[in-house]
Trainee: 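Let me give you the structure first, and then I'll get to my questions.
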Amino acid sequence: MVCVNRRDLGLLALRVGTGAVLAAHGSQKLAGWFGGGGIQGTTAAMEAMGFHPPKHSAVAAGLGEAGGGALLALGLATPAAGAAAAGAMAGAVAVHAPAGFFAQGGGYEYPAFLGFTAAAIGLTGPGRYSVDHVTCHVFDRPWVVALSFAGAAVAAAAVVSKRAKGQADQADEEF
């Protein structure tokens, strides 16, 4: 008889809920589903927000959200999924940061929450009710955790700093 573990059920609920939200947001960017702009609209938005090259940024954001979210929901390659989603959310936080913290004023509250939740799941692991568990955690090893989060941190820092430099350069040209 298998004993149901509340922690594993909680991780399942958290993974599926967070993953579904992220996957839906990413599919708006990639495919235009759920009223999103698709790649074309997201590319235009990325350019307006100062991300360059804008199409690569749109694809990366969409894949980080949709791919990371889908993998989180499944509990597959959980460290990489959590890191990818958290990295994508770091870019969103950078965009919303000038508006302050709270989402009602356009702030970064919501993307920060999604990013921290995805990172926490990636670090904690998927629990027993996951594809990672079924595959004996082949994609959920300590080295995968370290490599995934280091890679996501470096990539997010590079993208955010490149955007900030571009905005500073543009501000200098306007004066």
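The analysis underlying the following values was restricted to heavy atoms, covering all of them including side chains, and did not include hydrogens, waters or symmetry mates.
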Trainee: Please enumerate all residues that pass side-chain contact (heavy atoms from CB on, under 4.5 Å) together with F139, with sequence neighbours excluded.
Mentor: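 So F139 forms a side-chain contact (heavy atoms from CB on, under 4.5 Å) with L76, A77, D132.
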
Trainee: Any donor and acceptor pair, going by atom type alone, linking the side chain of T124 with main-chain N or O of I121 inside 3.5 Å?
Mentor: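 No; judged by distance alone, with no hydrogens or angles, the pair does not exist.
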
Trainee: Hey, what else clusters with M46 if you join Ile, Leu, Val, Met, Phe, Trp, Tyr whenever side-chain heavy atoms sit under 4.5 Å?
Mentor: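 Grouped by the 4.5 Å side-chain rule, M49, F51, V95, V159 form the rest of the cluster around M46.
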
Trainee: State which residues pass side-chain contact (heavy atoms from CB on, under 4.5 Å) with L147; sequence neighbours excluded, sorted by chain then number.
Mentor: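 Expected list: W143.
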
Trainee: Give me the other members of the hydrophobic cluster that W33 sits in, counting Ile, Leu, Val, Met, Phe, Trp and Tyr linked by side-chain heavy atoms under 4.5 Å, directly or via other members.
Mentor: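 Once heavy-atom contacts under 4.5 Å are chained together, W33 belongs with F34.
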
Trainee: Quick one: side-chain contact (heavy atoms from CB on, under 4.5 Å) partners of L30, sequence neighbours excluded?
Mentor: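 L30: side-chain contact (heavy atoms from CB on, under 4.5 Å) contacts with I39, L63, A66.
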
Trainee: Which atom pairs, one a donor and one an acceptor, fall under 3.5 Å between side chains of residues 9-23 and the rest of the protein, sequence neighbours left out?
Mentor:
residue, atom, partner, partner atom, Å
R15, NE, L72, O, 2.9
R15, NH1, P126, O, 2.7
R15, NH1, Y129, O, 3.2
R15, NH2, A73, O, 3.2
R15, NH2, Y129, O, 3.0
T18, OG1, L14, O, 2.9

Trainee: Donor-acceptor pairs under 3.5 Å, side chain of residues 109-118 to any protein atom, not counting sequence neighbours: which ones?
Mentor:
residue, atom, partner, partner atom, Å
E109, OE1, A103, N, 2.8
T117, OG1, F113, O, 2.7

Trainee: Any sub-3.5 Å donor-acceptor pair from D140's side-chain atoms to T78's backbone N or O?
Mentor: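 Side chain of D140 to backbone of T78: no pair is present.
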
Trainee: So which residues get pulled into V145's cluster when ILVMFWY side chains under 4.5 Å apart are joined, directly or through others?
Mentor: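 L123, F149, all in the cluster of V145.
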
Trainee: Under the rule for ring pair (Phe, Tyr, Trp, His ring centres under 6.0 Å), what residues qualify as partners of H137, not counting sequence neighbours?
Mentor: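 Applying ring pair (Phe, Tyr, Trp, His ring centres under 6.0 Å) to H137 gives H133.
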
Trainee: For H52, what residues pass the ring pair (Phe, Tyr, Trp, His ring centres under 6.0 Å) criterion, not counting sequence neighbours?
Mentor: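 Expected list: none.
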
Trainee: What ring pair (Phe, Tyr, Trp, His ring centres under 6.0 Å) pairs are there with at least one residue in residues 67-104, not counting sequence neighbours?
Mentor: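 Sorted pair list: F101-Y108.
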
Trainee: Sequence neighbours excluded, which residues qualify as side-chain contact (heavy atoms from CB on, under 4.5 Å) partners of V160?
Mentor: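 Only A94 meet the side-chain contact (heavy atoms from CB on, under 4.5 Å) criterion with V160.
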
